[in-house]
Amino acid sequence: MDLIQAAKNLGFSDAAIMNTKDLVFKPEYRKFCEENQCGNYNLNPACPPESGTVEEMMAQALKYEKTLVLQTIQTPEIEYKKAKHSHNQLTEQLAEQMKATGMTDLLIMSAGPYKHHSCMSAYCVDAQEMADAVGMICWGHDGKIRYFSQILFHENSCME
């Protein structure tokens with residue numbers, strides 16, 4: 001399965017594959033969860049503290065060798081909660097396609113808490129560093145909003 005093409009066919013603006021070990025984890029980002037900036041802290045099981053400590057979540061992520069980085073780009077006219085929800089739905093749809101090809105051991109990091117998936121912030125992944133690593137723009141000066149999610153998988157489970 002060509003994961004990048006499958007992502008673009010589904011509606012993602014961009015997609016790339018990187019080594020999971022190259023993700024940059026910044027434990028100090030957990031404070032954004034603790035400050036309850038998204039309103040889900042201690043309410044959603046996919047969110048801290050129930051989702052695990054930074055160290056536990058990082059260890060869980062690093063069990064996977066590869067990371068499929070997914071991006072959608074939206075204009076500010078689209079209500080951000082709807083745009084984020086749509087992005088997360090696409091991520092889940094792509095994961096289902098991957099599972100249908102036999103890639104059953106996946107870890108989704110969503111763009112904000114979504115169902116039972118923790119967001120990249122809960123994992124303390126630095127989105128800017130991730131975007132730079134795969135040649136994507138995280139924060140642009142073009143008035144557009146970029147959402148990111150990831151699907152982590154095992155290297156031997158697919159052909160890139």
Side-chain angles (χ1 to χ4, degrees), residues 3-4 6-8 10-18 20 22-64 66-99 105-134 136-153:
L3 296 175
I4 294 171
K8 290 179 179 180
L10 201 55
F12 286 99
S13 304
D14 206 354
I17 296 174
M18 66 182 288
T20 304
D22 294 332
L23 289 174
V24 176
F25 296 90
K26 295 197 173 173
E28 62 269 22
Y29 285 6
R30 183 53 67 98
K31 72 179 177 194
F32 300 122
C33 292
E34 292 166 353
E35 291 170 357
N36 203 21
Q37 292 189 6
C38 73
N40 288 290
Y41 185 79
N42 207 24
L43 294 175
N44 183 335
C47 295
E50 195 171 331
S51 61
T53 66
V54 173
E55 296 77 17
E56 290 168 340
M57 294 180 83
M58 188 169 82
Q60 180 185 16
L62 291 173
K63 290 178 184 176
Y64 298 85
K66 294 290 184 179
T67 299
L68 176 60
V69 178
L70 303 164
Q71 180 186 58
T72 54
I73 302 172
Q74 307 290 336
T75 58
E77 295 81 37
I78 298 174
E79 200 271 322
Y80 85 95
K81 285 186 179 182
K82 287 182 182 177
K84 191 182 287 190
H85 182 76
S86 175
H87 178 95
N88 286 332
Q89 285 181 316
L90 287 178
T91 303
E92 198 165 66
Q93 288 172 24
L94 183 57
E96 289 304 315
Q97 288 181 12
M98 293 167 71
K99 288 177 183 176
D105 188 6
L106 304 173
L107 174 68
I108 294 175
M109 290 187 199
S110 59
Y114 180 69
K115 295 184 179 179
H116 55 277
H117 305 296
S118 298
C119 67
M120 289 174 41
S121 297
Y123 280 94
C124 299
V125 171
D126 187 310
Q128 180 67 60
E129 295 276 353
M130 177 199 66
D132 289 347
V134 296
M136 292 182 194
I137 296 172
C138 187
W139 301 102
H141 300 287
D142 56 4
K144 295 184 179 176
I145 301 165
R146 291 161 176 83
Y147 297 99
F148 288 95
S149 59
Q150 303 172 4
I151 302 175
L152 285 67
F153 61 95

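Values below: all heavy atoms of this structure, side chains included; hydrogens, waters and symmetry mates excluded.
At a cut-off of 3.5 Å, with distance as the only test, no side-chain donor of Gln74 or Tyr80 sits close to an acceptor on the other residue. Side-chain atoms of Thr20 and Thr67 include a donor-acceptor pair closer than 3.5 Å.
Atom CZ of Arg146 is separated from atom CD1 of Ile73 by 4.5 Å, given to the nearest 0.5 angstrom. Going from atom CD1 of Ile137 over to atom CG of Asp14 covers 9.5 Å, rounded to the nearest 0.5 Å. To the nearest 0.5 Å, atoms CD1 (Ile108) and CD1 (Ile151) are separated by 5.5 Å. To the nearest 0.5 Å, atoms CD (Glu34) and OH (Tyr41) are separated by 5.0 Å. Atoms OH and OG, from Tyr123 and Ser51 in turn, are 7.5 Å apart once rounded to the nearest 0.5 Å. Separation of atoms OG1 (Thr53) and CZ (Arg30) is listed at 7.0 Å; rounding is to 0.5 Å.
Annotation for Tyr64 and Asp105: closest pair OH-OD1, 2.7 Å, computed over non-hydrogen atoms. Shortest non-hydrogen contact noted between Phe148 and Val69 is CD2-CG1, 4.0 Å. Residues Cys124 and Val54 approach most closely at SG-CG2, 3.7 Å, considering heavy atoms. The two residues Ala6 and Gln97 come nearest to each other via the heavy atoms CB-OE1, 4.1 Å. The two residues Ala16 and Val134 come nearest to each other via the heavy atoms CB-CB, 3.6 Å. Summarising the geometry of Met57 relative to Gly52, their closest heavy-atom pair is SD-O, 3.7 Å, with the distance given to 0.1 Å.
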Taking it one step at a time, do His117 and Asn88 satisfy side chain to side chain contact (heavy atoms under 4.5 Å, CB included)?
-> CA-CA 9 Å; His117 305 296; Asn88 286 332; over 6 Å; no
For Phe25 and Leu62, run side chain to side chain contact (heavy atoms under 4.5 Å, CB included): C-alpha distance rounded to whole Å, both residues' side-chain angles, the deciding distance at 0.1 Å, then the answer.
-> CA-CA 11 Å; Phe25 296 90; Leu62 291 173; 4.0 Å; yes
Test side chain to side chain contact (heavy atoms under 4.5 Å, CB included) applied to Thr91 and Tyr114, step by step | CA-CA 10 Å; Thr91 303; Tyr114 180 69; over 6 Å; no
Side chain to side chain contact (heavy atoms under 4.5 Å, CB included) between Met120 and Gln150, worked out | CA-CA 8 Å; Met120 289 174 41; Gln150 303 172 4; 3.8 Å; yes
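Here the rule is side-chain contact (heavy atoms from CB on, under 4.5 Å) with Ser149, and of Leu90, Leu94, Leu70, Leu68 only Leu70 fits it.
The stretch residues 77-99 participates, sequence neighbours left out, in these salt bridge (Lys or Arg N to Asp or Glu O under 4.0 Å) pairs: Glu92-Lys115, Glu96-Lys99.
Listed for the Glu55 side chain is no donor-acceptor partner under 3.5 Å among the backbone atoms of Pro27. Under the 3.5 Å distance criterion, the side-chain polar atoms of Asn36 are matched with a main-chain donor or acceptor of Asn40.
Side-chain contact between Val24 and Val125: absent, with no pair of heavy atoms (C-beta onward) separated by less than 4.5 Å. Cys47 is not listed as a side-chain neighbour of Asn42, based on a closest heavy-atom distance of 4.5 Å or more. The shortest distance between side-chain heavy atoms of Leu107 and Gln60 falls below 4.5 Å. With contacts defined as side-chain heavy-atom distances shorter than 4.5 Å, the pair Pro113/Cys38 qualifies.
Ring pair Phe32/Tyr29 is tilted by interplanar angle, where 30° to 60° counts as tilted.
A distance below 6.0 Å separates the ring centres of His87 and Phe12.
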